[in-house]
Amino acid sequence: MEVPEKFTKPYNPQATEDEIYKKWEDSGYFNPDNLPLRLDAQGKPVEMEPFCIVMPPPNANGSLHAGHALFVTLQDIMVRFARMRGKKTLWLPGADHAGFETQVVYERQLEKEGRSRFEMPPEQLYKEILDFTLGNKIFMEGQLRQLGASCDWSRELFTLDERVVKTVYDTFRKLNDDGLLYRGSRIVNWCPKHQTSLSNLETERETRTSPFYYLKYGPFTIGTVRPETKFGDKYVVMHPGDARYSKYKEGDMLELEWINGPITATVIKDEASDPAVGSGVMTITPWHSGTDFEIAQRHNLPYEQIIDWRGKLLPIAGEFAGMSIKDARAKIVEKMQQKGLVEKIDGDYTNEVPVCYKCGREIEPQVKAQWFVKMQPLARRAIEAVTSGEVKILTDSQEKILLHWLENIQDWNISRQIVWGIPIPAWHRSTYAHGKQDEEWHIGENPPAGGLGDGWTRDTDTFDTWFSSSQWPFITLGFPDGEDFKTYYPTDVMETGADILFFWVARMLMLGLYITGEVPFKNVYLHGLVRDAKGQKMSKSKGNVISPLTVSNEYGTDALRMGLVVGNTPGTDLNLAPSKIGAYKKFANKLWNIARFVLSQDLPAGRQETEGAIRQELKDEFDALAADVTNDIEQYRIYMAAEKLYHYVWDRFAAEIVEESKGKPEYGATLYYILENSLKLLHPFMPFVTEAIWQELPEKESDLLMVAQWPARHSGGPQK
RNA sequence: GCACUCUUAGCUCAGUUGGUUAGAGCGCUCCCUUCACACGGGAGAGGUCGUAGGUCCGAAUCCUACAGAGUGCACCA
């Protein structure tokens, strides 16, 4: 048989991939509504079982990184597998405005241009970031195509689309109606650079070595790393059971000399003061410390701001007012030393300080009025869903981590002081009652009847991006009435990075259950971080970032995909070495050459299962592999399926069966059978090269391999 | 402090419910351009599966302790 000319040269992914992707996209089969019907033995169309994955929408603020390539690969494997098995398969793509993340990226750009967001009108800033994001979005979509993503572009949604905003507002209102939303002045994580509060998850802890100061506070010794917060400390707290201080009673007043002169201190007994720590006595700064704030609340103590929003000392600091806390610390200590208030300094005290996860600056705890969601009731339902198996988490250890977090959940601050996001639909005005100033709030997109004239102004804050993202699965499917929602919800799999288990997965679970009454997804597959060849985290500053697009250009997308998948178990990190990807480039070429050989053989006319033409023992062996691989993919052991296929095709098919067949024309049908079906099994993993070969087959069941029928129906073993 | 994970060949990692001579990629040694493929083929070296106990007919796989590495959450006077 004539072998097509192209097979005489090594497989060339660069010359092949774009054209193949275009064929797929033009076919319309990414959209499940267009999938070809499958007929049963009687020629009647088979009812198609739905299968759906909602894609974690990539942030539209830059280029795709290796982590994106990994999720595209894993999800595309699951999706192509389902599609070939005749399911009505929807992979729903999106693009994320990524609120704070994108604003930070854009601010960096502004800084380079010598501009600042604090010097521009919010409307202008918003407009600029919108343009920036929409530009990136198109770019990012092209990159997803390059990675072979077989998602339904016709259903793509952007996280700021009208439908999203509307649903998010409905949810906000419902939370309020159900008593799960409150506005409260609490300690928040304040980033002095970004001028916004952050959730706990958006802070990281850094171990620092700092001087620890033992200060004389009247008859007591108190310890602190932050003398600059101590100006307002007028309460001295000790454990009620601490015998050393039994002569002091709650409410005792003491006159003592402090940083800027004499003050009156009041004794407070509270169990939060740990006798084992330092002297067992502490003073409190309720405005800038979580524990202190709680003590102040319990004892109904006043609190005062010491440090402003930019990290500078306020007038209460007297001569130090206006100084940054960093500069002030040494000067304050110097003054206290002169006054004999410093007992000793411990030079190498290590503590962990919270820092902004974006800029690394120390978080300044501040008291601020914010919107909070009460999470405990939502978490309870999520815990039930996990423990009952309504939602299955891969792996067991990730499930434990999730449950541990849910069981210890804290209320969620969902307001951010940034412009790039969905504005919070709330209005407020000052009111006076019983001689006391208060604030009245109204939830809704519009001010209450009476309107602006009555002094109502709109909340300028925006939602934490994750608040809207957490509603993504049901929003994208058109909750509550959309056809897709009815067909595809709950979705089959949520595949995403283990690093956003709490940020996103846990919250999707909670809000999905809360709003729809059902879990948003039945299975959760969590992948680990993609690291460099040495196991180091990729970062721009280290210069070890591997761009998936560059790799794809050099080795081919199929090779990249295999390199990302083989040996990569869920939940664990993956070290990505270019040499490994190179190995799979060779594999793609191997497959190419097998095809060349097989197509050069004399194939029986109408090769369809010519009675006895296919060697039974080889067919049985192949079919067993197909069943095994099918089972592995069903159980999400994608890494094993990929490796088994690699070894079968190379070590068994190429090295043995093909060799054995040489000079034996009667092997033709067998070789063809194995080739054709190997292409099918490999297609989810290496879609481009398999489709390219498929296109050259003389006789094929469907124009596109993408919608060919999966060779094994086997489904065995328990589902996890 | 609470929780989780890892320790298998020189390197990076697989090893599904415990079961015959422990696997892959890369690297290494030697050989081969023969008619699918040098992005190839053949041959080979290399591991007492962290340590010490235990359960079992049988353990890299289960249990305990210890050692080393790492991660998450919370607190931090």
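Here is how names work: the chains are called A, B, and so on, in the same order as the sequence lines, proteins then strands, and each is numbered from 1. No experiment lies behind these values; they were computed from the predicted model shown.
Taking atom P in both B/A69 and B/C75, one finds a spacing of 27 Å when rounded to whole Å. Here, B/G23 and B/C2 have their P atoms 42 Å apart, quoted to the whole Å. Distance check on atom C1': B/G40 versus B/C35 gives 14 Å, rounded to whole Å. Only the C1' atoms considered, B/G27 is 14 Å distant from B/C13, to the nearest whole Å. B/C49 and B/A9 have their C1' atoms separated by 10 Å, given to the nearest Å. With P as the reference atom, B/G46 and B/U71 are 36 Å apart, rounded to whole Å. For the P atom pair drawn from B/A67 and B/A24, the interatomic distance equals 36 Å after rounding to whole Å. Going from the P atom of B/U12 to that of B/G50 covers 15 Å, rounded to whole Å.
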What pairs of donor and acceptor atoms, side-chain ones from residues 566-584 of chain A against any protein atom, are under 3.5 angstrom apart with sequence neighbours left out?
residue: A/Asn568; atom: ND2; partner: A/Leu564; partner atom: O; Å: 3.1
residue: A/Thr569; atom: OG1; partner: A/Thr572; partner atom: OG1; Å: 2.5
residue: A/Thr572; atom: OG1; partner: A/Thr569; partner atom: O; Å: 2.9
residue: A/Asp573; atom: OD1; partner: A/Leu529; partner atom: N; Å: 2.9
residue: A/Asp573; atom: OD2; partner: A/Arg531; partner atom: NE; Å: 2.7
residue: A/Asp573; atom: OD2; partner: A/Arg531; partner atom: NH2; Å: 2.9
residue: A/Lys580; atom: NZ; partner: A/Gly563; partner atom: O; Å: 3.2
residue: A/Lys580; atom: NZ; partner: A/Val566; partner atom: O; Å: 2.8

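Salt-bridge check for A/Lys392 with A/Glu399: failed, with every basic side-chain N at 4.0 Å or more from each acidic carboxylate O. A salt bridge links A/Glu206 with A/Arg208: at least one charged nitrogen is closer than 4.0 Å to a carboxylate oxygen.
A distance of 6.0 Å or more separates the ring centres of A/Phe622 and A/Phe653. Checked against the 6.0 Å centroid threshold, A/Tyr648 and A/Tyr646 do not count as a close aromatic pair. Less than 6.0 angstrom separates the ring centroid of A/Tyr217 from the ring centroid of A/Trp258.
Counting to the nearest Å, the C1' atom of B/G70 and the CD atom of A/Glu204 are 16 Å from each other. The interatomic distance linking A/Asp651 (CG) with B/G25 (P) rounds to 8 Å, in whole Å. Look at OH on A/Tyr357: it is 15 Å from P on B/G72, rounded to the nearest Å. Here the C1' atom of nucleotide B/A24 and the CG atom of A/Leu574 are 14 Å apart, to the nearest Å. Rounded to whole Å, atom P of B/G15 lies 11 Å from atom NZ of A/Lys644. A/Asn631 places its CG atom 13 Å from the P atom of B/U17, with the value rounded to the nearest Å. Atom P of nucleotide B/C75 and atom CG of A/Asp270 are separated by 16 Å, given to the nearest angstrom. Separating the CD1 atom of A/Ile393 from the P atom of B/G72 is a distance of 19 Å, rounded to the nearest angstrom.
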For every nucleotide of nucleotides 32-44 of chain B, 5' to 3': is a protein heavy atom under 4.0 Å from its base (B), only from its sugar-phosphate (S), or from neither (-)? ----BB-BSS---
I need a per-nucleotide contact map over nucleotides 2-12 of chain B, read 5' to 3'. Cutoff is protein heavy atoms under 4.0 Å; write B for the base, S for backbone only, - otherwise. BSSS------S
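A/Tyr584 comes within 4.0 angstrom of nothing in the nucleic acid, heavy atoms only. Using a 4.0 Å heavy-atom criterion, one finds that A/Leu201 contacts the sugar-phosphate atoms exclusively. A/Asn200 comes within 4.0 angstrom of sugar-phosphate atoms only, judged by non-hydrogen atoms across all strands, and of no base. If you check every strand for non-hydrogen atoms under 4.0 Å, A/Ala559 touches nothing. When heavy atoms are screened at a 4.0 angstrom cut-off, A/Ser279 is found touching no nucleic acid atom at all.
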Both distances under 3.5 Å, Watson-Crick or G-U wobble: on that basis, could you give the dot-bracket string for RNA chain B, with [ ] for crossing pairs and | for other-strand partners? (((((((..((((.....[...)))).(((((.......))))).....(((((..]....))))))))))))....
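Interatomic distance, NZ of A/Lys644 versus CG of A/Leu681, reported as 12.0 Å (0.5 Å rounding). One distance of note links CE of A/Met282 with OH of A/Tyr235; it measures 14.5 Å at 0.5 Å rounding.
Between B/G15 and A/Tyr639, a contact under 4.0 Å exists linking OP1 or OP2 to a side-chain N or O. Put simply, A/Arg226 has no side-chain N or O that comes within less than 4.0 Å of OP1 or OP2 on B/A77.
Closest approach to the A/Met282 side chain among B/A24, B/A77, B/A74 is made by B/A77 (side chain taken as heavy atoms from C-beta onward).
Heavy-atom minimum distance, A/Met686 versus A/Thr690: O-OG1, 2.7 Å. Here the closest non-hydrogen pair linking A/Ala559 and A/Lys585 is CB-N, 3.4 Å.
Judged by closest nucleotide on RNA chain B, A/Asn568 is the one of A/Asn568 and A/Ser579 placed further toward the 5' end.
Using cut-offs of 30° and 60° for the angle between ring planes, the A/Trp592 and A/Phe7 rings count as tilted.
With sequence neighbours excluded, no residue forms a salt bridge (Lys or Arg N to Asp or Glu O under 4.0 Å) with A/Arg596. Evaluation of the salt bridge (Lys or Arg N to Asp or Glu O under 4.0 Å) rule for A/Arg244 yields A/Asp242 as partners, not counting sequence neighbours.
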Just do the side chain to side chain donor-acceptor pair (under 3.5 Å) check on A/Asn677 and A/Tyr672 with the steps written out, would you? CA-CA 8 Å; A/Asn677 287 293; A/Tyr672 197 92; over 6 Å; no
